[in-house]
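Worksheet for the structure shown next.
Positions are given from 1, in the same order as the sequence printed here.
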Amino acid sequence: MELFQIENLTFSYPGETGKALDQINLTVNQGEFLLLCGPSGCGKTSLLRLLKREIAPHGLQSGEIRYCGTAQTQLSDRAAAAEIGFVMQNPEQQVVTDKVWHELAYGLENMGVSHAEIRRRVGEIACFFGINRWFERKTSELSGGQKQLLTLASILVMQPKVLILDEPTSQLDPIGAAEFIFTLYKLNRDLGLTIILAEHRLEEVFALSDKVAVMDQGRILLADTPARVGETLRRAAEGRRMLLGMPSAVRIFTALDSRGQCPLTVKEGRLFLEDHYQNAISRLPVEQAPPANGGEQNSVYLKEVWFRYERQLPDVLKGTTFKAARGETLAILGENGSGKTTLLRLIAGQNRAYRGRVEINGQKIQRYGGKELYRHNLALLPQDPQTVFLKSSVEEDFAELCSAMDYKPREAAAMIRRNAALLEIDHLLKKHPYDLSGGEQQRAALAKILLLQPQILLLDEPTKGIDAYAKNTLKDILNELKSQGLTVIMATHDVEFAAIAADCCALLFEGEIIGADSPRNFFSANTFYTTAASRISRTLYENAVTVEDVVRLCRQNGELPSSGGD
């Protein structure tokens, strides 16, 4: 049975000459798991929001959307609200009450469901998700992962027929993201719930999907099974950029120009390597790297730092000690709620330790007066890029910051042009920041922060919402900044990005920085906080942590004589 029928859907935002969506034709069947993927700004969020009438964006729309055979505009308010569930990228935008139990009951209360049935449904959903352990807590006290799980539960308690999710794992750590995706798979498999999911992190979800729709520039390039999508993108001229975002097993298979069945999962990728390639050479030669967090010139130095938000609350940081050398890129990983954002805010002077020492460029942080710390010294890009913008266009926002920094008009204009070109946002300068996609907002916010010309750049989840191609661009930007002596400290859940962009990786656990080492050593030693390429290859190769590492070793070893490339 066809649940959604989308025919010739075209959409443009007010005042925009270009089309956000261009002649979209797509069918979603009852019980289907549909994955929607593509570059940042390709139209995924616009398409998903148009499927949910209450949050559909304002603009010029043509074509037709039918739900269960009924035109979307003709749906009853109750059916539109209860049967079509929507989970946003940022749970902060969707949590509306102060208590967990009330958040679960809120939608049912508004639908006029009886008190007895509300209690039964809430109790059942709380037990299913394990929410009963924090049922009475304030929503403001929950971690990002808990809030996202609560949002999902509060939608499912309404018993929808279809669940639409817009990059729900973008703020989750690797373990939390995998668990969230598996929960969606169970809902689809065990309850027959239809899932429509837009996502950039494809390692876990790609193989679980029934159908994958690939979007670019407002169009659907193809919609097919996961295996056929990988094969089609390999043959298509425009597919190379799209392949960057595919799971590691698919990228290894296509990079080696292999034949036969394309592997989709870690398990299939491992079997593919074992069946097709020799393993005489099991280790990549490793260049001698400087000691982790080494270097004589420390841009940031923390010694025995302790911090808690209130006197009666437990410590978030417990004797944290680490160094970041000048010109070093340091990636800090850890589970949701481990204190990564707290640590960045402490380095930025927004939090103050009650014990310990914090030094910025060799000087105690307390000695920086007024705005001195932020004038060509240090800049922080927060996790929510919307908080960076104040004006009605990106260009106005940039100009205001340049004025505050006392740049001359010609100098300011040149800097804005350079940063816009660097982050590939020239076409976004005239737009309102809130009209941008999540990935576009992230790139625009970074371009603004770089106008401060800092010596130390703090990034909180810098790859949230951006596609694989943009991540490669960001890696190149960070490398260029590093060559100019700029120090980068980023808190991230993105292990794949940390593996290619960082000089040193460390884990924040129980309030302390532990295991600081080079990305190759760090990810080779980890089982869960590691890359998919490492998990695929570790039975054959010892220190391969990126797709490029695995491909290089496969080529050095050569194919097994019996494989014949098939």
Side-chain angles (χ1 to χ4, degrees), residues 143-144 171-177 286 288-307 315-348 351 353 356-360 378 380-381 383 456-464 474-475 478-479 481-482 486-531 534 543 545-546:
S143 69
Q171 299 188 58
L172 302 183
D173 61 77
I175 297 173
V286 180
Q288 187 63 38
N293 284 327
E296 296 181 359
Q297 286 185 298
N298 291 318
S299 292
V300 176
Y301 175 46
L302 273 65
K303 183 177 181 181
E304 293 291 328
V305 168
W306 293 73
F307 175 83
D315 290 303
V316 180
L317 302 177
K318 306 172 185 178
T320 303
T321 297
F322 80 93
K323 303 173 184 178
R326 178 176 170 81
E328 180 181 39
T329 299
L330 170 64
I332 301 173
L333 298 102
E335 66 175 340
N336 288 95
S338 62
K340 299 185 300 297
T341 297
T342 299
L343 179 61
L344 291 188
R345 289 173 56 86
L346 189 139
I347 296 170
N351 293 334
R357 184 185 185 95
V358 179
E359 291 184 2
I360 306 296
L378 180 149
L380 169 64
L381 177 62
Q383 193 170 128
I456 302 167
L457 181 61
L458 308 176
L459 304 173
D460 195 358
E461 299 296 344
T463 62
K464 185 185 71 174
L474 177 57
K475 177 201 68 175
L478 295 182
N479 285 338
L481 295 173
K482 183 173 67 174
L486 187 135
T487 301
V488 179
I489 303 175
M490 59 178 172
T492 182
H493 293 313
D494 193 338
V495 295
E496 312 288 341
F497 182 72
I500 63 172
D503 300 306
C504 176
C505 296
L507 189 68
L508 184 58
F509 176 72
E510 285 291 294
E512 295 184 73
I513 295 287
I514 60 174
D517 210 332
S518 68
R520 192 175 300 283
N521 291 338
F522 182 85
F523 291 118
S524 293
N526 290 346
T527 301
F528 301 104
Y529 275 87
T530 190
T531 63
S534 175
N543 62 341
V545 299
T546 67

> What's the verdict on salt bridge (charged side-chain N to carboxylate O under 4.0 Å, His left out) for Glu359 and Arg357, showing C-alpha distance, side-chain angles and the deciding distance?
Replying inline: CA-CA 7 Å; Glu359 291 184 2; Arg357 184 185 185 95; 2.4 Å; yes

>> Would you compute the distance between atom CG of Leu486 and atom CD of Glu328 and round it to the nearest 0.5 angstrom?
In response: 12.0 Å

> For the residue pair Thr531 and Ala499, what are the closest heavy atoms and their distance?
Replying inline: CG2-CB, 3.8 Å

> Which distance, rounded to the nearest 0.5 Å, do you find between the OG1 of Thr463 and the CD of Glu496?
Replying inline: 10.5 Å

> Hey, are Asn521 and Ser518 close enough side-chain-wise for a donor-acceptor pair under 3.5 Å?
Replying inline: yes

>> Glu335: which residues meet the side-chain contact (heavy atoms from CB on, under 4.5 Å) condition with it, sequence neighbours left out?
In response: Asp173, Ser338, Tyr529

> Hey, what do you get for CG (Asp494) to CD1 (Ile500), rounding to the nearest 0.5 Å?
Replying inline: 8.0 Å

> Under the salt bridge (charged side-chain N to carboxylate O under 4.0 Å, His left out) test, which residues partner Glu461, sequence neighbours left out?
Replying inline: none

> OG1 of Thr530 to CZ of Phe522: how many Å apart, nearest 0.5 Å?
Replying inline: 8.5 Å

> Can you name the residues that form a side chain to side chain donor-acceptor pair (under 3.5 Å) with Thr487, not counting sequence neighbours?
Replying inline: Ser299

>> Quick check: do Leu343 and Leu302 have side-chain heavy atoms less than 4.5 Å from each other?
In response: yes

> How long is the span from the CZ atom in Phe307 to the CG atom in Asn351, to the nearest 0.5 Å?
Replying inline: 4.0 Å

> Would a 4.5 Å heavy-atom cut-off, applied to side chains only, mark Ser524 and Val545 as touching?
Replying inline: yes

>> Let me confirm one number: the SG-CG distance from Cys505 to Leu333, rounded to the nearest 0.5 Å.
In response: 6.0 Å

>> Can a side-chain donor-acceptor contact be found between Thr341 and Asp460 if the only test is distance below 3.5 angstrom?
In response: yes

